[in-house]
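Below: the structure, in structure tokens.
The chains referred to below are lettered A, B, ... by the order of the sequence lines, with proteins before strands, and numbering in each begins at 1. Since we're looking at a predicted model, the values are computed, not measured.
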2 protein chains.
Amino acid sequence: MSQTPRQSAERSVPTSADVARLAGVSRATVSYVLNNTSSVRISEPTRRRVREAAEELGYVPHAAARSLRAGHTRMVLLPASASSVGPLYLQFFNELQWALRRLDYTVVQYGSLGLDGDEAARAWAELRPVAVVSLGEVGLTPQGVDILKRSGAKAVITLAPRRVAGAHSLVMDQSEVGGCAVAHLVQRGRRSIGVVMPSEPGLEHFAEPRFEGARRAAAGTGARIVPLALAYDEKSANDLAAGWAGLGLDAVYAYNDEYAMLLMRALQDAGIDIPGRTAVVGADDLLLGRLLRPRLSTVHIDMVTGQLLAELVDRTVRDPNGEPETRDLMGARAVHRESS
Amino acid sequence: MSQTPRQSAERSVPTSADVARLAGVSRATVSYVLNNTSSVRISEPTRRRVREAAEELGYVPHAAARSLRAGHTRMVLLPASASSVGPLYLQFFNELQWALRRLDYTVVQYGSLGLDGDEAARAWAELRPVAVVSLGEVGLTPQGVDILKRSGAKAVITLAPRRVAGAHSLVMDQSEVGGCAVAHLVQRGRRSIGVVMPSEPGLEHFAEPRFEGARRAAAGTGARIVPLALAYDEKSANDLAAGWAGLGLDAVYAYNDEYAMLLMRALQDAGIDIPGRTAVVGADDLLLGRLLRPRLSTVHIDMVTGQLLAELVDRTVRDPNGEPETRDLMGARAVHRESS
DNA sequence: TTGAAAGCGATACCAC
DNA sequence: GTGGTATCGCTTTCAA
């Protein structure tokens, strides 16, 4: 190989041994000083010499070495939610990161796009995270949970629509969203209700439970539910709107506000009066929905706060043998505006 | 402390030594088999025994130990972009992750919310990433870059509005966006142009260059530029609209499509004709902007593809001593619809 | 074809 | 107060 890096300056990465040498002390002393170890008293001059040496060399401790020695990490791994991030999730994510860092965890998002459930779990396990908080982007299986636990994860928490065996499942029951929307429409006298299913991949985990919730809410009310495929582009919306009359619907729950805005515009352009002829309801309570005319009715989702979840993570890490709680952490309520 | 974990089963994490023991071979053999080391021939029966043992124990290699031994990682660290992620960034991010994983890198987003530049750089450096790709969420200083390089990062790449000394700076010149918008407005005969500055923290890195670009585009045309603070809520928009007449503006460039939609609605509600009395231009070319009436004019941004950036990362990792290229990777063009 | 052993960097126990 | 040193899990050279 011609890759011998001899010419490059390639000043190698300083280690604690380098710091020790420069400060004229042992590596142990360096460790004590830099970690403020309280069980040992180091004289002030020594401390200063060590600190200065570390500063001068630009010493940064090696996380891998440290965690190897320690036998555990403080890493909380969040599978990176690629698709399906609305502003709601984003805010939640930020809160969670904040709160976890305050609890002295290192928060790392791991890009798992295109890995299947168990591949992903293995990849995560290699990093030996102390906790994994999955938001349901990757289908975490019971085997996946087992892999993670066997590799030392103290807490495996899913915020998925469905429960996952073995994990502390915090179910965010998406079906409530669909349920609220349809209950609202039924209550307002609608009986023939379309439910938009986004064609975009990755949204099924959310769309299907929402649809199920819609179906359940309609059961026994005499209302019928019709699934409607819709892609997030104007053509798809116009096609759907063009055949609207033939569907015989008097209302539609459009998965979320963005799809609802798209569909509502197409319906308006097709001459369908809203809410007169067809009522439209979205979900997520986006600001933009309020700007439409008529104003978009929606389902407001109360998300668990990041703070709360961070505390659960911490509690579970400290007592991993507590009973996995399966709690529902999402509240949903319909917000009536003008489109329904 | 009463935390002695003696009662818990606490089956400890399997290591390669455990696999070796179970398979009746040495740790070296285990390593050879599991890594498909080609420089050494292992008999097929042995291979199978090792594989089965690993499977049975649920063995997952310890990334920290491996990289400690190897002296380097394949980790590409992306500071997690907390605020300011539009759908545009999201797609780019996903592309980048995909492409990097295809090149056999481990992509990790590190939540750096609330850390200042050098703190953040030190935190990242602890993980010894082989590359850092910053999208400008954190103010990466030349010192920060130095810390990273000293800790072994082969590539430090910024996609920031501004150049950062020492890094391979891929400038995404946000000022072009503002420039395009204002040039478009001037060309259509507007001479008194408001430029929205979002009040939300974290957006300054984008908003300021965009504003600068706007100012430059107006210079010498006789048009005047007026900064307008606007928060992303209805009240702020209504307040701004209420005083609109007093501002004497015939056009506004609203930072991006979302702010533009918000402001446009408030202006319409205040009885301002658009585009007759005031033209409105956004940026990002969101689908939703096309749904408004009048349809929202915007600035379309051509983002560098994730694939391209991934290749640059890989090239830089392989040849860290190449000249840091400072390339502009963003194209912007105005899209005229109906609001201007 | 397989095994023994050194060593990556940091920590914490035990001597001095 | 401070210094030697064993150790964490893994890879890889050298010997057998």
So, under a plain 3.5 Å distance rule, would you say the side chain of R69(A) forms a donor-acceptor pair with the base of dT7(D)?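 Indeed, a donor on one side and an acceptor on the other fall under 3.5 Å apart.
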Would you call [X] and [Y] a salt bridge, using N to O less than 4.0 angstrom?
| X | Y | answer |
| --- | --- | --- |
| R21(B) | D18(B) | yes |
| D118(B) | R122(B) | no |
| D314(A) | R318(A) | yes |

Within this structure, what is the [atom1]-to-[atom2] distance between [X] and [N], rounded to whole angstrom?
| X | N | atom1 | atom2 | value |
| --- | --- | --- | --- | --- |
| L68(B) | dG9(D) | CG | P | 12 Å |
| R21(B) | dG9(D) | CZ | C1' | 13 Å |
| N36(B) | dT12(D) | CG | P | 13 Å |
| H72(A) | dA10(C) | NE2 | C1' | 13 Å |
| I42(A) | dG3(D) | CD1 | P | 8 Å |
| R49(B) | dT1(C) | CZ | P | 14 Å |
| R150(A) | dG9(D) | CZ | P | 16 Å |
| L34(A) | dA10(C) | CG | P | 10 Å |

Under 4.0 Å between a side-chain N/O of [X] and OP1 or OP2 of [N], yes or no?
| X | N | value |
| --- | --- | --- |
| N35(A) | dA10(C) | no |
| S67(B) | dC8(C) | no |
| T37(A) | dT11(C) | no |
| S16(B) | dC10(D) | yes |
| Y32(B) | dT13(D) | no |
| R66(B) | dT11(D) | yes |
| T29(A) | dT2(D) | no |
| S26(A) | dG3(D) | yes |

Touch class at under 4.0 angstrom, heavy-atom based, for T46(A) against every strand present: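 It contacts sugar-phosphate atoms only.
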With a 4.0 Å cut-off on heavy atoms, is V40(B) in touch with a base, just the backbone sugar-phosphate, or nothing at all?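 Base, at least one base heavy atom under 4.0 Å.
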Please name the pair of heavy atoms, one in T73(B) and one in L127(B), separated by the smallest distance, quoted to 0.1 Å.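 Looks like CG2-O, 4.1 Å.
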Please determine, for the side chain of [X], which listed nucleotide ([options]) has the closest atom?
| X | options | result |
| --- | --- | --- |
| S31(B) | dT11(C), dT1(C), dT11(D) | dT11(D) |
| R27(B) | dG9(C), dA12(C), dC10(D) | dC10(D) |
| T15(B) | dC8(C), dC10(D), dG3(D) | dC10(D) |
| A28(B) | dG9(C), dA4(C), dT2(C) | dA4(C) |

Can you find a heavy atom in the side chain of V76(B) that is under 4.5 Å from one in the side chain of V133(B)?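 Yes, side chains in contact.
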Name the residue closer to the 5' end of DNA chain C, choosing between R41(B) and A70(B) according to the nucleotide with the nearest heavy atom.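 Counting from the 5' end, the first nearest nucleotide belongs to R41(B).
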S43(B) or G71(B): which one's nearest nucleotide on DNA chain C is closer to the 5' end?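 Looking at the nearest nucleotide for each, S43(B) comes out on the 5' side.
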Any donor-acceptor pair under 3.5 Å linking the side chain of Q109(B) with the backbone of Q109(A)?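 Judged by distance alone, no pair lies under 3.5 Å.
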